[in-house]
Q: 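Here it is: the structure, laid out below.
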Amino acid sequence: AAPSDPTTCGGTDGSITISGLVNGQTYTVNYTGTAGTPANGATAMANASGEIDITGLDAGNYTNISVSRLSCSSNTVATVTLNDPSGSSMDDPADETVCAGDMTTAVAFTGAGVGATYNWTNNNTAIGLAANGTGNIAAFTATNATAATISATITVTPVLSGCSGPAQTFTIMVLPTPTVTDPANQMVCAGDMTTLVTFAGTGTQYNWTNNNTAIGLSASGTGNIAVFTATNATASPINASIAVTPRTAGPDAILGTADDCIGTSETFTITVNPATTITAAPSDPTTCGGTDGSITISGLVNGQTYTVN
């Protein structure tokens with residue numbers, strides 16, 4: 001008994017050919033398994049090659065195959081197995097690492113043949129991707145609400161002609177967004193020293209910009225801001241807004257490249273009040289022992305409040 005497997009998964013076009021029969025003779029066909037044509041116990045005539053085909057079979061085991069004619073029975077073939085076709089294999093997609101907030105690279109599945117479909121599952125939706133889908137994965141905005149790197153494993157199964165092939169897996173790692181604590185504002189007088197600004201947060205590097213160099217601070221820098229002598233060449237207070245941006249190494253693992261993960265900037269201000277140079281003009285009491293004398297302090301800024309010593 002020779003098997004011929006189904007041509008599609010779940011198909012019923014498999015067959016078993018029983019040979020060694022007499023051309024033109026009618027036999028009772030016996031077997032155990034899914035019913036085909038002829039069915040178990042039915043009769044069929046051997047063809048010119050001395051064969052009977054049992055057709056219309058699906059995948060599975062067929063046992064106790066024999067034929068009988070008149071009072072004579074053949075030997076019994078214990079088991080014949082029909083198998084569904086093997087599924088097509090696919091190309092293994094590349095792993096990916098991306099910063100939270102950035103777009104991933106679109107994933108196009110290939111390798112399983114024309115007409116194949118690809119079913120996938122994702123074990124961690126926290127990265128911003130659905131739990132499952134069919135077909136290619138479009139680019140999406142990666143998410144990570146934690147302070148640590150998170151990872152998702154995507155399992156892809158190719159299906160061709162109803163047959164599932166071996167699954168492939170790949171990972172998408174999402175790096176966290178770095179943060180920085182908003183520094184405190186400062187107010188100093190011209191000529192005085194500012195307070196050291198030490199940046200804190202989850203960033204590996206902190207880059208800052210200053211929108212007013214007239215306070216005595218450069219326009220930009222990296223890392224903490226050392227104390228400096230505040231300047232103000234005007235007669236009014238001046239303000240500088242300093243924006244600090246945290247960053248960490250991105251997918252290339254090299255800090256300071258275009259691949260870096262960049263967090264949200266925080267801003268603080270440094271206000272520099274003008275230096276005060278005063279004059280004091282006396283006005284004597286008009287009577288001995290009187291209290292109508294005065295001293296006029298000048299050189300102050302209109303509208304500003306001062307502590308007088």
Q: Does either side chain, that of Asp13 or that of Thr7, offer a donor lying less than 3.5 Å from an acceptor on the other one?
A: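 A pair is found: one side chain offers a donor N or O, the other an acceptor, under 3.5 Å apart.
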
Q: Flag yes if more than 12 heavy atoms outside Leu196 fall under 6.0 Å of its CG atom; otherwise flag no.
A: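 Atom CG in Leu196 is crowded, with more than 12 foreign heavy atoms closer than 6.0 Å.
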
Q: Any side-chain heavy-atom pair from Ser68 and Ser74 closer than 4.5 angstrom?
A: no

Q: Among Val107, Leu129, Asn136, Thr155, find the residue that satisfies the side-chain contact (heavy atoms from CB on, under 4.5 Å) test when tested with Trp120.
A: Leu129

Q: Is it the case that Ser241 and Asn211 place a side-chain donor and acceptor less than 3.5 Å from each other?
A: no

Q: Supply the atom-to-atom distance Asp260 CG to Asp252 CG, rounded to the nearest 0.5 angstrom.
A: 7.0 Å

Q: If we ignore angles and hydrogens, is there a donor and acceptor under 3.5 Å between the side chains of Asn132 and Thr121?
A: no

Q: With Ser4, which residues qualify under side chain to side chain contact (heavy atoms under 4.5 Å, CB included), at least two apart?
A: Ser15

Q: Would you say the side-chain atoms of Thr179 and Thr202 include a donor-acceptor pair closer than 3.5 Å?
A: yes

Q: Mind checking whether Thr271 and Asn185 have side chains closer than 4.5 Å, heavy atoms only?
A: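 Answer no - side chains too far apart.
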
Q: Between CG of Asn47 and CD1 of Ile52, what distance do you get to the nearest 0.5 Å?
A: 8.0 Å

Q: Indicate whether any N or O donor in one side chain lies under 3.5 Å from an N or O acceptor in the other, for Asn207 and Thr222.
A: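 Looking only at side-chain atoms, Thr222 and Asn207 do form a donor-acceptor pair, the distance falling under 3.5 Å.
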
Q: Is there side-chain contact between Glu266 and Thr181, with at least one heavy-atom pair below 4.5 Å?
A: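 Glu266 vs Thr181: side chains apart.
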
Q: Run through Thr79, Thr81, Val80 and flag the one making a side-chain contact (heavy atoms from CB on, under 4.5 Å) with Thr63.
A: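 Considering Thr79, Thr81, Val80, a side-chain contact (heavy atoms from CB on, under 4.5 Å) with Thr63 is found only for Thr79.
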
